[in-house]
Amino acid sequence: MKKHTNFTLSKFIIGLASIFTSQFAQAQCATTPVSGDWTVSSDIILSGTYSVTGTFRVANNVTVYVKGFASGGCGKLEIYAQKIIIDGAIDGNSAGNLGGAGGLGGNAVTSITGDQSAINTCSNKDNTGVLLIEGGKFGASGAGTGAGLQGQNGQTGSGPKQQCLNNDDECGMIGSASGAGGGGGGSYGGAGTSGGAGGNGTNTYTATGVNVSTGYVVVGGAGGAGGNAGAVYGTANATDIALGSGGAGAGGGGRSYDVGLAGGKGGNGGGLVKLVAVDSVKVLGKIYVNGENGTNGGNAGNGGISPNCCSDGCDDPGEATLSCGAGAGSGSGGGSGGGIYIETQTIALVTGTLQTKGGNGGNGGINGIGTTANYSGSVFCGSETITSGNGFAGNKGGAGGGGRIKIFVPSCTSSSISATYSVTGGTSVSSAAPGSYEVICTANGIKENEKEQYALTVFPNPALSYVTIKFKYDLTPENISDISILNTLGETVKTFSSEELKNTNSIMLDLSDISAGIYFIKTTINHLSYDYKIIKQ
C-alpha cells in the first residue's frame, strides 16, 4: 500500500435540483439533494450524484447497483454526505464506458468473370472463371479515453470454378476468406493488451485421380491484424477519478460456402464509485467496479460443394466446385477496471473489499471445415477423391487493464485502512497491466486554496446584537447548509437559514437573544466545513 502526503480534497459543486422524492432512485446523472439520513435497506439501482445532509448507509446484505451506460445510466455513483457507512455492497461492474460492437461476418461472393453463383450452382460450365470470397469485418473501437481499438478486416479468398472439358474435367477449388482481427483491451490505471489476429483462410487441398483447374490461383486470405490497447490515463494520487474504458468489438468470421458469423461486442469498462464524507467513512462491505470480459469472435463459414455441372458418363468430382473452410474472427477486448474514490475530512475505517479488475479478452471463433467429394465409377472412369482444407480458428481479444483506487484521509495513523483490494489486469494471451491503489495522507487536512475560495468574513467581532457574514470573494457556491451558532460545549443554541447568504452573498444574524460569551458560527459549503469564533458582548 502506497501512502502520500500531498493530500488535496476534491472540490464538489452541487447543482440545484428538485426536492428529494421517492423517485430519486431513477435519477440518471443529475444531482439529487437528500435531507437527513438515508439508509438503503433493500437492493436498488442508482445513478448520478446524491448530496446527503446526514448519514448515508448501505445496510448489510444489501446491494446498490450502479446503472451503467448500457442501461441508460451514466455509469457512476457519487455520494456526498456527513458520514458514509458501507456495510453491504456497491456493484458498479461493467457500468462504465461501452465496449465496441462486433464486426459482421463475411457474406459476399464476387467474380470478375461473372461467375459468383458458381459457389453453389453451375455457371458457365465449359469455361474457366474465378470467385472471390469476403473476409470477416472488424468490430468497432470501444468508448472512453483509454478505449481499445478495432482490428482489421479479414482478407478475401479466391480460386477457380470448375471447367468441363472433353476429357478429365477440372474441379474448381475456392480458397477461403479469413477472419477479422480481435479488439484491443481497454485501459485506465493499467494498460490493456492488443487483440490477436483473425484466423487465416486456406488454399490447401488434397486430390487423388482428379484435376483442379489452373485457370486461376487458389488463394487463402490472411487474418486481419488485431487492434491495439487503449492508452493509460488519469493519475495515481491526485483527486481525479474516472470510469473504465471499453474494449473493442470482436472480428467477424470469413465466408466460404457458408457465410461467416458476426463477432461479439467488446467488454464494458467498470463504473465509478465516489464517496466523500465531511465526517467519517466506514467501508466494511464491498465495492466492485470491474471491467467486463470480452466475447467470442465470429465463427467461420464451412466449405461446401456445388452440383456436378458436366454432362458426360462420369459423374465425378471434376464436375463440381469445392470451397475450403474459412478463418474465424478473433475475440473482443475486455473492458478496463473503473474508479473507486474514498475521501474523509476526519477518519476512515476501510476493511472491506475493493475491486477494479480488467476484463478478460474474448475467445476466438471456430474455424470453418473443408469438405470431401468421392467418386468410384466404372473401370473407364476410375476412382476420384478431393478434400478441401480447413481454415484456422480466431485468436483471443485483448485484455482490459486494471482501474484505480484512491483513498484520501487527513491522517493515516488515525485511520484504519486494510482493505482487501484487487486492481489486476485481465487475462488473454498475456495478462494486462494492473492499475493503481493509493492511500494519500496528510496532517494538514483540506487543501487551503480549495477552502479559501469560499471563505467568509464575520464582522463586527466582538458583536453586540448583530453580526454580518459575507463571502470574502465574489463567488457564490451552489450548496450551503444552515448556519448554526454553537456554544463552547458544542451545543447548537440558534440556527439560521442560509438562503439570504446564498442569494445576496451576505446575511445579518440576530444574536440579541443569546447570552454574552464565546460562540462559534458553523456552516458547510460545498461539503467543506467552515467555523468562525465570535464574541457576543
Side-chain angles (χ1 to χ4, degrees), residues 66 68-70 73-76 92-103 138-151 181-196 226-236 240-251 263-273 288-297 330-340 355-363 395-405 422-436:
V66 180
F69 282 112
C74 62
K76 68 177 183 179
N93 289 337
S94 310
N97 288 295
L98 298 178
F138 58 74
S141 295
T145 305
L149 303 181
Q150 63 195 24
S187 301
Y188 177 26
T193 61
S194 298
N228 291 330
V232 173
Y233 58 103
T235 67
D240 59 294
I241 199 71
L243 302 168
S245 295
K265 70 173 287 295
N268 299 335
L272 182 157
V273 174
Y288 301 121
V289 290
N290 297 316
E292 185 178 33
N293 292 336
T295 53
N296 294 347
S330 292
S332 70
S336 78
I340 299 174
Q355 287 186 359
T356 174
K357 300 186 293 185
N360 300 331
N363 292 322
N395 294 291
K396 289 188 174 183
R404 296 190 186 278
I405 300 173
S422 178
V423 293
T424 58
T427 60
S428 180
V429 175
S430 59
S431 295
S436 60

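It should be emphasised that the depicted structure is a prediction, and the values quoted were computed from it without experimental measurement.
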Q | Under 3.5 Å: donor-acceptor pair, side chain of S428, backbone of G397 | A | yes
Q: Please name the pair of heavy atoms, one in A248 and one in S141, separated by the smallest distance, quoted to 0.1 Å.
A: CB-CA, 3.9 Å
Q. Are any side-chain N or O atoms of N268 and backbone N or O atoms of E292, one a donor and one an acceptor, separated by less than 3.5 Å?
A. no
Q. If every non-hydrogen atom of S332 is compared with every non-hydrogen atom of G264, which pair is closest and at what distance?
A. CB-O, 3.8 Å
Q. Considering all heavy atoms of both residues, which atom of V232 and which atom of G190 are nearest to each other, and what is their separation?
A. CG2-C, 3.7 Å
Q. Which pair of non-hydrogen atoms, one from D240 and one from G234, has the smallest distance, and what is that distance?
A. OD2-CA, 3.4 Å
Q. Which pair of non-hydrogen atoms, one from G297 and one from A250, has the smallest distance, and what is that distance?
A. CA-CB, 3.8 Å
Q: Would you name the heavy atoms of S187 and A231 that are closest together and state the gap between them?
A: CB-O, 3.6 Å
Q | Rounded distance (nearest 0.5 Å) linking atom CD of Q150 with atom CG of N228 | A | 11.0 Å
**Q.** Working for side chain to side chain contact (heavy atoms under 4.5 Å, CB included), residues I405 and V423
**A.** CA-CA 8 Å; I405 300 173; V423 293; 3.8 Å; yes
Q | CZ-OG distance between F138 and S330, expressed to the nearest 0.5 angstrom | A | 14.5 Å
Q. Between atom NZ of K76 and atom CD1 of I241, what is the distance when rounded to the nearest 0.5 Å?
A. 12.0 Å
Q | Between Y233 and S245, a side-chain donor and acceptor under 3.5 Å | A | yes
Q: Could you tell me the separation between the CG atom of N360 and the OG1 atom of T427, rounded to the nearest 0.5 Å?
A: 3.5 Å
Q.
Working to the nearest 0.5 angstrom, can you tell me the gap between L272 CG and R404 CZ?
A. 12.5 Å
Q.
Donor-acceptor pair, distance only, cut-off 3.5 Å: does the side chain of N97 make one with the backbone of G142?
A. no
Q.
Return the CG to OG1 distance between N93 and T356, rounded to the nearest 0.5 Å.
A. 9.0 Å
(Q) Could you go through L243 and F69, starting from their C-alpha distance and side-chain angles, then the distance that decides it, and tell me whether this counts as side chain to side chain contact (heavy atoms under 4.5 Å, CB included)? (A) CA-CA 11 Å; L243 302 168; F69 282 112; 3.3 Å; yes
**Q.** S422 side chain to Q355 backbone, donor-acceptor under 3.5 Å
**A.** no
Q) Where the side chain of S336 meets the backbone of G186, is there a donor-acceptor pair that is under 3.5 Å apart? A) no
